[in-house]
Enquirer: 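Once you've had a glance at the structure underneath, I'll fire off some questions.
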Amino acid sequence: MSVTGLCQICENAPARHGCRYCGRQVCRDHWNEAVGACTPCAESSGVDDSDGSTG
Ligand SMILES: [Zn+2]
Ligand SMILES: [Zn+2]
């Protein structure tokens, strides 16, 4: 199963990745490689580089 269609965020670029959180397909510009999710989910997730969480 391959990702086909346009980015569901900007709808201007071909989708390259499928977010496992919201399930929508996004282009590279809206993909956060570090988090492994689309940019909205990555930001909402609150993932930060700072290491200050337990567990
Ligand atoms: Zn996009
Ligand atoms: Zn997402």
Side-chain angles (χ1 to χ4, degrees):
M1 183 175 182
S2 61
V3 179
T4 57
L6 291 173
C7 171
Q8 297 183 354
I9 294 180
C10 63
E11 297 183 347
N12 281 326
R16 289 296 194 179
H17 303 276
C19 180
R20 54 177 174 155
Y21 293 103
C22 64
R24 60 184 161 189
Q25 301 170 350
V26 299
C27 65
R28 293 186 64 180
D29 288 343
H30 291 108
W31 177 255
N32 190 318
E33 187 66 40
V35 181
C38 66
T39 48
C41 286
E43 293 178 3
S44 179
S45 180
V47 177
D48 196 356
D49 291 339
S50 62
D51 183 25
S53 61
T54 56

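Both counts, for ligands and for their atoms, begin at 1 and track the order of listing.
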Enquirer: Is any protein N, O or S atom closer than 2.8 Å to the Zn ion (ligand 1), and if so, which?
Expert: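 As for protein N, O or S atoms lying under 2.8 Å from the Zn ion (ligand 1), they are Cys7 SG, Cys10 SG, Cys27 SG, His30 ND1.
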
Enquirer: As an exercise, state the distance from CD1 of Ile9 to SG of Cys19, rounded to the nearest 0.5 Å.
Expert: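 One gets 8.0 Å once the value is rounded to the nearest 0.5 Å.
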
Enquirer: Which pair of heavy atoms, one from Asn12 and one from Leu6, lies closest together, and at what distance?
Expert: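 The pair with the smallest heavy-atom distance is C-CD2, 4.5 Å.
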
Enquirer: Could you go through residues 30-42 and list every donor-acceptor pair under 3.5 Å that involves a side-chain atom there, pairing it with any protein atom two or more places apart or in another chain?
Expert:
from, atom 1, to, atom 2, distance (Å)
Trp31, NE1, Glu33, OE1, 3.3
Asn32, OD1, Ala34, N, 3.0
Asn32, OD1, Val35, N, 3.1

Enquirer: Nearest 0.5 Å, please: how far is SG in Cys7 from CZ in Arg24?
Expert: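 Going from the CZ atom of Arg24 to the SG atom of Cys7 covers 8.0 Å.
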
Enquirer: To the nearest 10°, what's the angle at the Zn ion (ligand 2) between atoms SG (Cys19) and SG (Cys22)?
Expert: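 The SG/SG angle about the Zn ion (ligand 2) sits at 100°.
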
Enquirer: To the nearest 10 degrees, calculate the angle at the Zn ion (ligand 2) involving SG of Cys38 and SG of Cys41.
Expert: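 If I round to 10°, I get 100°.
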
